[in-house]
Protein chains: 2
Amino acid sequence: MRAQSETPRSRPTLNEVAAAAGVSRATAARALGEYGYVHSATRANVREAAERLGNRPHRIARSMVTGRTQTIGFVGADMENPFFGRTMAGILDVARSGGYEVIITNTQEDPELERRAVRVLHERQVDGVIFTPAQFGDASQLRRLADEGVPIVLVDRSIRGLAADAVLIDNVRAARSGVVRLIELGHARIGLITNDLGGDPVARLRETALDPTHASTGAARGVGYLAALQGAGLPIDPALIAPTARFTREAAAEAAGRLLGLRVRPTAILTVDNVLTLGAFEAIQRSGLEFPEQISLLGFDDLDWTTIVRPTLSVIAQPGYDIGATAARRLLARLDHEDSPGQVLFLDTELIERESTTNAPNTVVPTPTTRRRTR
Amino acid sequence: MRAQSETPRSRPTLNEVAAAAGVSRATAARALGEYGYVHSATRANVREAAERLGNRPHRIARSMVTGRTQTIGFVGADMENPFFGRTMAGILDVARSGGYEVIITNTQEDPELERRAVRVLHERQVDGVIFTPAQFGDASQLRRLADEGVPIVLVDRSIRGLAADAVLIDNVRAARSGVVRLIELGHARIGLITNDLGGDPVARLRETALDPTHASTGAARGVGYLAALQGAGLPIDPALIAPTARFTREAAAEAAGRLLGLRVRPTAILTVDNVLTLGAFEAIQRSGLEFPEQISLLGFDDLDWTTIVRPTLSVIAQPGYDIGATAARRLLARLDHEDSPGQVLFLDTELIERESTTNAPNTVVPTPTTRRRTR
DNA sequence: TTGAAAGCGCTAACAT
DNA sequence: ATGTTAGCGCTTTCAA
């Protein structure tokens with residue numbers, strides 16, 4: 001029992017309501033819980049008593065017997081990133097309207113925190129989990145959850161080999177189409193700023209994108225970048241791939257600085273995430289280059305500031321809110337006993353061309369395009 | 001019991017662990033729950049059995065008897081706003097390290113959703129609540145919670161008359177010091193973009209800031225604006241106060257447009273929130289005015305894009321993460337039976353002067369200041 | 001140091 | 001339509 005300085009009058013239970021209404025506990029429960037048969041007069045009577053006494057259902061007790069908590073968990077990798085903020089908003093809205101509450105945990109891409117988060121959610125008997133795998137996490141804990149029949153929906157990143165629904169964008173395709181467009185604009189030397197995977201960038205990029213346990217969106221987007229170059233018959237120059245030590249703005253600014261300092265510098269840069277974009281933008285501003293005339297920039301995520309910077313920022317937009325809302329709907333469907341094989345849903349991305357991507361220097365204008373969708 | 005297509009082998013309970021270890025349930029509980037006396041050999045034995053069977057504590061059952069859920073609720077007004085994202089991150093970090101989980105609800109400033117959120121958290125027996133009051137919510141539901149001894153910490157906005165801790169910034173003071181600085185820079189006609197309160201702006205601003213049930217940061221900041229003008233002996237011109245119908249970028253852009261279209265337009269504008277700032281920034285860009293030479297802009301919240309826009313944006317920075325972390329620490333202290341009168345903590349804000357605030361047109365340079373703290 | 005027994009507040013068979 | 005009974009999985013007296 002909680003105690004505080006005042007009188008912590010504890011709440012009246014169903015027992016007391018039943019007594020006050022002169023019925024059995026079971027009847028009172030039926031009247032209040034909206035199940036089974038109750039005479040309407042009895043119901044009114046019980047409700048009145050409950051109201052008068054200030055009774056509220058004790059959901060913990062209810063969970064105890066039903067085995068359901070009406071709670072889902074959301075394990076996010078980086079809650080301060082606005083992209084996740086949108087995803088979370090989508091999840092919260094759908095969950096609430098379905099009668100579920102959401103426990104949020106922030107793993108900060110730390111596999112240890114991630115394991116703990118899953119374990120705790122498990123112990124708390126959540127009915128289902130929406131999960132953003134950390135870049136280098138392991139899925140064993142999650143698998144135990146799944147084995148016990150707790151539905152899981154992966155979001156933003158997938159884990160191959162886990163029988164779960166997933167709501168994703170096609171990162172390879174999205175990045176590829178962005179780079180294809182840069183190539184159309186005449187760019188041949190295109191830089192890539194992505195998270196460091198260690199070792200030879202090109203090889204690691206490919207390995208990582210194929211490695212089920214890594215779940216790196218950055219790697220997948222890097223693969224899209226490679227695919228676009230290859231598709232256009234352009235050479236892949238490892239010097240143009242600038243890995244960042246951490247997923248921070250500062251690291252990205254440094255990586256961009258490296259690219260801009262090359263003897264033959266790129267004429268365009270793709271960044272795989274909105275934080276990295278911010279750093280690259282900053283580095284380009286500082287470089288003194290004509291922007292975008294001498295250097296184009298294409299980022300990920302259509303955040304609200306992209307239209308007030310100069311040049312306005314071209315981006316590959318992801319539907320953050322929808323990703324969350326869709327994931328939550330998937331989960332609720334499972335909780336409502338939908339029983340189908342795990343579905344992988346790809347949501348549309350959109351290449352939004354603004355001012356930061358323009359023709360490569362000394363290039364003739366290609367066919368004009370303004371907005372195009374990628375699936 | 002949950003069921004899914006596979007074999008949903010349900011978890012072994014304490015009973016089974018006890019049986020396997022050849023001890024009573026009570027002893028097993030003591031060994032696993034780290035309380036009471038257990039022989040170390042017994043404990044090892046029980047632990048081994050628990051490990052082998054894959055037993056995990058059933059926290060719902062534990063809550064049932066202890067009366068504590070190790071869960072806190074966070075009722076946020078606008079989870080998509082990056083400011084709340086930071087606050088939430090602070091809450092999550094502190095809560096986790098204290099062994100608490102967090103249920104997040106998003107009220108979207110809707111009083112009805114807010115009431116529901118509090119009721120549901122109550123029913124779910126959260127141990128405490130961190131609460132951002134909606135602008136026009138009512139506190140009755142919250143008061144019932146408090147009356148039952150559930151500790152509450154208010155964040156960002158206060159509700160006078162509620163015996164609860166609060167973690168705030170001094171909105172009046174922060175806004176006042178910002179406007180004082182603008183006045184130092186020679187500005188005499190300073191516009192204000194804030195949320196609409198209905199009726200005569202000046203009067204409503206004052207009423208609202210004093211009205212315990214409104215909890216509007218916008219109003220408090222507006223009062224700071226008025227105070228600064230009065231303190232400097234400047235006239236208050238209602239035409240310079242531009243209320244926005246909603247708390248959106250578009251509404252702010254429109255409001256800013258109105259200010260810029262005045263026959264004698266302001267030479268500086270204060271916006272009371274980062275979303276409104278975005279709209280004002282956009283409107284100024286569109287207006288064709290020299291920015292900041294002809295019009296200064298001062299916003300709230302030091303978001304990451306403020307340094308890449310041109311001119312870079314001067315802001316009144318709030319410590320979003322700290323606000324959350326501090327609120328969570330307050331709450332955990334209460335949950336740890338700290339029993340003191342409700343504390344109202346004011347965290348420091350900082351006026352960060354960048355390029356968007358400059359001397360008023362035709363004004364001699366005043367004493368240079370770069371950064372100053374306000375309490 | 002351990003065990004037996006009671007019970008947290010509720011729902012769900014089953015009986016009436 | 002209502003009541004009786006038996007738990008859900010755990011903690012917590014109390015006694016041994």
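A note on names: the letters A, B, ... follow the listed sequences, proteins ahead of strands, and every chain is numbered from 1.
In this structure, B:Thr87 contributes its side chain and B:Gly320 its backbone to a donor-acceptor pair below 3.5 Å. Side-chain atoms of A:Thr69 come within 3.5 Å of backbone atoms of A:Gln125 as a donor-acceptor pair (strictly under, hydrogens ignored).
Taking atom CZ of residue B:Arg30 and atom C1' of nucleotide D:dG9, one finds them 16 Å apart after rounding to whole Å. Between the CZ atom of B:Arg124 and the P atom of C:dC8 there is a distance of 23 Å, rounded to whole Å. The CG atom of B:Asn15 sits 8 Å away from the P atom of D:dC10 (whole-angstrom rounding). For the pair A:Arg59 CZ and C:dC10 P, the interatomic distance rounds to 12 Å; values are reported in whole Å. In this structure, A:Gln70 atom CD and C:dT11 atom P are separated by 12 Å, rounded to whole Å. Protein atom NE2 of B:His58 is 6 Å distant from nucleotide atom C1' of D:dG9, rounded to whole Å. When the P atom of D:dG9 is taken as reference, atom CZ of B:Arg25 falls 11 Å away, rounded to whole Å. Rounding to whole angstrom units, CE of residue A:Met64 and C1' of D:dT11 are separated by 11 Å.
A sub-4.0 Å separation between OP1 or OP2 of C:dG3 and a side-chain N or O of B:Ser24 is present. Of the side-chain N and O atoms in A:Thr66, none sit less than 4.0 angstrom from OP1 or OP2 of C:dT11.
Considering CZ of B:Arg119 and CG of B:Leu145, their distance stands at 11.5 Å, rounded to 0.5 Å.
Note on A:Arg157 versus A:Glu109: salt bridge recorded, some NZ/NE/NH1/NH2 to OD/OE distance being below 4.0 Å. By the 4.0 Å N-to-carboxylate-O rule, A:Arg47 lies close enough to A:Glu34 to be salt-bridged with it. We find that A:Arg52 and A:Glu48 are joined by a salt bridge, their nearest charged nitrogen and carboxylate oxygen being less than 4.0 Å apart. In summary, A:Glu148 and A:Arg144 do not engage in a salt bridge, as defined by a charged side-chain N under 4.0 Å from a carboxylate O.
Sorted by residue number, the members of residues 34-51 of chain B with any non-hydrogen atom under 4.0 Å from DNA chain D read B:Tyr35.
Between the side chain of A:Arg56 and the base of C:dG9, no donor-acceptor pair of N or O atoms lies under 3.5 Å.
Nearer to the 5' terminus of DNA chain D, by closest-nucleotide assignment, is the contact made by B:Ile60 (compared with the other of B:Ile60 and B:Ala26).
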